[in-house]
Amino acid sequence: MTVRTRFAPSPTGFLHIGGARTALYCWLYARHHHGQFILRVEDTDRERSTDEAVQAILDGMAWLDLKADEGPFYQTRRFDRYREVARQLYEQGHAYHCYCSKQELEQMRAEQMARKEKPRYDGRCRHRTEPVPGVQPVLRFRNPEQGQTIIHDLVHGDIVFENSELDDLIIARSDGTPTYNFTVVVDDMDMRITHVIRGDDHINNTPRQLNIFKALGVTPPEYAHLPMILGPDGTKLSKRHGAVSVMQYREDGFLPEAVLNYLVRLGWSHGDQEIFSRDEMVALFDIADVNKSASAINPDKLLWLNQHYIKQGDATRLGTELRWHLERIGLKVDDANKLAAVVRAQAERAKTFKDMALASRFFFEEFAEYDAQAAAKNLNAETLPALRDMQSRLTALENWSAEQIHAALEACVTALGIKLGKVAQPLRVAVSGGTVSPPIDATLEILGRDTVLTRVARAIAHIEAPAA
RNA sequence: GCUCCCUUCGUCUAGAGGCCUAGGACGGAGCCCUCUCAAGGCUUAAACACCGGUUCGAAUCCGGUAGGGAGCGCCA
């Protein structure tokens, strides 16, 4: 039997980090077993589902490169099928019409709460034989009253529920539209899903679904309930925690491989290994190694992973990512070689592309003014001789390469009897406007001779006429 | 309230009865390297929620307690 997993989000918002991990695990499990990964959009709640949300989820999965083998399927296009199965259940006596009004149900719940009981439908329409005139009934599933329903959960082990704890859930609303617990069963059945991997907030739904499968005479899939993902403070994930949408991570300068690597390790591990390529994840992933307890997001670790992939990745490819972020701050750059060179030079000092873009502006545009403190300390009468010396050495340089620039620097240091810092730092301020940049030789090389000489001249002029 | 789930350093985790003086990673601290910022190297502090059992032996098995969480919709 080939493994078939599904990711079944409801399009009521963007793809958040928890959903992304669920999708990743489903995808990994399918890939690992050479099976299929199916995407299903659970949009039966027409009030809250939006096309934008559907697109946002698709975008998020595309960014993470989690391709579905089948789908996306939309539940709203399958209403006929749900109606058909509901009818079957009704005809076989597994479902019945309930005419209770919402107010009546609410009152019942209130009374139960007052009695400190678990609020649930008491089955008062179970044996009704006559319709109530003028009332469009809902269809309720006739849940078994005795016995137990056991989930053989792949991550939690057996979870036992007394059927007497379960009530008769509504499978079709009075307008005839189907509800969640029912559509899930019909879809998982029709799509021949073998493994349902989802958040453990669904554990309580599972016995109901299992009973519907049983009534339908169908073998249910295996279940694996994943622990929740918490915010950095250990509380429930929310918008207050910053980047909740996976696309927000892209905006913030993260690489999809870093996000994926981070996510795969949140709730799953393979010994002490921290870095996983896509292929390694596929080869190594197993539900047996998934944890049971909820885990909090650690932004620092994601940052660390992101930088790991920035340092590790192909500079040309990463250059396109840098270009995207430069564009976002108003800089249009097309020189792929220069972008790659900047990526290589900045990789060690940038945890995100957003930061890298910000720190790399001076490579691509003239800076407006010097950082006041930096200029005061590094562009003054004391450093003028070194700048002048370098100005002529750089002008005379045969090959504009980091090696040659470095040699010129060494020669300058020897000639003037000063420390390297005494010339490197003034030069840095001269060409970048501030005190932070990649090593000065590499910085000058990337900038190019013309730009460097122009900026050095500008610095010298600044020293000679500080008022300007 | 009821049902269900969870509990190893701050965080992510290793750990399937003796390999545990509890390991790794992020973050922290210190040192080294150094033209800035970083990156890197080395060192270091830091945890088995609690109480009982079972066993020659328990982080690992069992029971209870405490704490956290989820669910209890004509939402998904």
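These figures come from a predicted structure and were not determined experimentally. So you know, we letter chains A, B, ... as the sequences are listed, proteins then strands, and number each from 1.
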Next on the checklist: Considering every strand and a 4.0 Å limit on heavy-atom distances, what is the contact class for A:Glu165: base, sugar-phosphate, or nothing?
Outcome noted: sugar-phosphate
Item to check | Sugar-phosphate only, base, or nothing, as touched by A:Arg48 at under 4.0 Å among non-hydrogen atoms | outcome: base
Checklist entry - Base, sugar-phosphate, or nothing: which does A:Ile159 touch, judged by heavy atoms less than 4.0 Å apart? => result sugar-phosphate
Next on the checklist: Testing the basics here: between A:Arg455 and A:Glu365, what is the closest heavy-atom pair and its distance to 0.1 Å?
Outcome noted: NH2-O, 3.2 Å
Checklist entry - Is it true that A:Tyr223 and A:His156 have ring centroids separated by less than 6.0 Å? => result no
Checklist entry - Out of B:rU13, B:rG73, B:rA25, which nucleotide sits closest to the side chain of A:Lys301? => result B:rA25
Checklist entry - What is the nucleic acid contact for A:Val423, judged by heavy atoms within less than 4.0 Å: base, sugar-phosphate only, or nothing? => result nothing
Next on the checklist: Using a 4.0 Å heavy-atom cut-off, does A:Thr12 contact any base of the nucleic acid, only the sugar-phosphate backbone, or nothing at all?
Outcome noted: nothing
Checklist outcome for this item: With the side chain defined as heavy atoms from C-beta on, A:Arg265 is closest, among B:rC74, B:rC2, B:rC12, to B:rC12
Item to check | Atom-pair distance (NZ on A:Lys118; C1' on B:rC4), nearest Å | outcome: 8 Å
Item to check | B:rC35 base / A:Arg428 side chain donor-acceptor hit below 3.5 Å | outcome: yes
Item to check | Atom of A:Leu139, atom of A:Ala95 and distance for their closest heavy-atom approach | outcome: CG-CB, 3.9 Å
Item to check | Counter-base of B:rU3, judged by Watson-Crick or G-U geometry with both distances under 3.5 Å | outcome: B:rA70
Next on the checklist: For a quick check, tell me whether the side chain of A:Gln112 and the base of B:rG1 share a donor-acceptor pair closer than 3.5 Å.
Outcome noted: no
Next on the checklist: Distance check needed: B:rA76 P versus A:Ile57 CD1, whole Å only.
Outcome noted: 15 Å
Item to check | Nearest heavy atoms of A:Gly60 and A:Val246, plus distance in Å | outcome: CA-CG2, 3.7 Å
Item to check | Pairing partner of B:rG17 (Watson-Crick or G-U wobble, both distances under 3.5 Å) | outcome: none
Item to check | Residue A:Lys292, side-chain atoms from C-beta onward, closest of B:rC35, B:rA25, B:rC6 | outcome: B:rC6
Item to check | Closest nucleotide among B:rU13, B:rA76, B:rU36 to the A:Ser269 side chain | outcome: B:rU13
Next on the checklist: Can you classify the ring geometry of A:Trp268 versus A:His270 as parallel (below 30°), tilted (30 to 60°) or perpendicular (above 60°)?
Outcome noted: parallel
When you compare the protein's N or O atoms with those of nucleotides 62-67 of chain B, which come within less than 3.5 Å of each other, and at what distance?
none

Checklist entry - Within the structure shown, what part of the strands sits under 4.0 Å from A:Glu42 by heavy-atom distance: base, sugar-phosphate, or nothing? => result sugar-phosphate
Next on the checklist: Which nucleotide wins on minimum distance to the side chain of A:Pro439, given the candidates B:rC35, B:rU13, B:rG71?
Outcome noted: B:rC35
Checklist entry - If we take the C1' atom in both B:rA76 and B:rG67, what is their distance in whole Å? => result 29 Å
Checklist entry - What integer distance in Å separates A:Gln425:CD from B:rC35:C1'? => result 7 Å
Item to check | Electrostatic pair A:Arg81:A:Glu84 at N-O distance under 4.0 angstrom | outcome: yes
Checklist outcome for this item: The residue, A:Gly421 or A:His156, whose nearest nucleotide of RNA chain B is more 5′ is A:His156
Checklist outcome for this item: In whole angstroms, the gap separating C1' of B:rC4 from CD1 of A:Ile151 amounts to 8 Å
Item to check | Closest nucleotide among B:rC74, B:rC72, B:rC35 to the A:Ile170 side chain | outcome: B:rC74
Checklist entry - Is the base of B:rC74 touched by the side chain of A:Ser174 through a donor-acceptor pair closer than 3.5 angstrom? => result yes
Checklist outcome for this item: Atom CD1 of A:Ile171 and atom P of B:rA76 are separated, to the nearest Å, by 13 Å
Item to check | Close residues, residues 197-211 of chain A, relative to RNA chain B [heavy-atom separation under 4.0 Å] | outcome: A:Asp201, A:His202, A:Ile203, A:Asn204, A:Asn205
Checklist entry - Would you call the rings of A:Tyr25 and A:Phe285 parallel, tilted or perpendicular, where under 30° means parallel and over 60° means perpendicular? => result tilted
Checklist entry - With a non-hydrogen cut-off below 4.0 angstrom, is A:Tyr262 in contact with a base, only sugar-phosphate, or nothing? => result nothing
Next on the checklist: Strictly by Watson-Crick or wobble contacts shorter than 3.5 Å, is anything paired with B:rU36, and which nucleotide is it?
Outcome noted: none
Each nucleotide N or O in nucleotides 40-47 of chain B that has a protein N or O under 3.5 Å away: list the pair and distance.
| from | atom 1 | to | atom 2 | distance (Å) |
| --- | --- | --- | --- | --- |
| B:rG40 | OP1 | A:Lys311 | NZ | 2.9 |

Item to check | Centroid-centroid under 6.0 Å between A:His202 and A:Tyr180 rings | outcome: yes
Checklist outcome for this item: Only one of A:Arg120, A:Arg142, A:Arg126 passes salt bridge (Lys or Arg N to Asp or Glu O under 4.0 Å) with A:Asp168, and that residue is A:Arg126
Item to check | Paired nucleotide for B:rG52 [Watson-Crick or G-U wobble; both distances under 3.5 Å] | outcome: B:rC62
Checklist outcome for this item: For B:rG57, the nucleotide meeting Watson-Crick or G-U wobble distances (both under 3.5 Å) is none
Next on the checklist: For A:Leu387, run the side chain to side chain contact (heavy atoms under 4.5 Å, CB included) check against A:Leu379, A:Val423, A:Val429 and tell me which one passes.
Outcome noted: A:Leu379
Checklist entry - Looking across every strand, which nucleic acid part, if any, lies under 4.0 Å from A:Asp175 by heavy atom: base, sugar-phosphate, or nothing? => result nothing
Checklist entry - Expressed in angstrom and rounded to an integer, what is the separation of A:Tyr180 atom OH from B:rC72 atom C1'? => result 15 Å
Item to check | Of the listed nucleotides B:rC5, B:rU11, B:rC74, the one nearest the side chain of A:Val138 | outcome: B:rC74
Next on the checklist: As a test of reading the structure: which of B:rU3, B:rC74, B:rA39 is closest to the side chain of A:Arg140, going by heavy atoms?
Outcome noted: B:rC74
Checklist outcome for this item: Taking for A:Lys351 and for A:Met228 the nucleotide of RNA chain B with the nearest heavy atom, the one nearer the 5' end belongs to A:Lys351
Checklist entry - When the C1' atoms of B:rC2 and B:rU60 are considered, how many whole Å apart are they? => result 32 Å
Checklist entry - What nucleotide among B:rG73, B:rU36, B:rG23 has an atom nearest to a side-chain atom of A:Asp272? => result B:rG23
Item to check | Six-ring centre of A:Phe161, A:Arg208 cation under 6.0 angstrom, axis tolerance 45° | outcome: no
Item to check | Nearest-Å distance for atom pair NZ/C1', residues A:Lys236 and B:rG68 | outcome: 14 Å
Checklist outcome for this item: Taking a pair to mean Watson-Crick or G-U wobble geometry with both distances below 3.5 Å, B:rC31 pairs with B:rG41
Checklist entry - Which whole number of Å gives the distance between the P atom of B:rC50 and that of B:rC9? => result 10 Å
Checklist outcome for this item: If pairing means Watson-Crick or G-U wobble with both distances under 3.5 Å, then the partner of B:rC9 is none
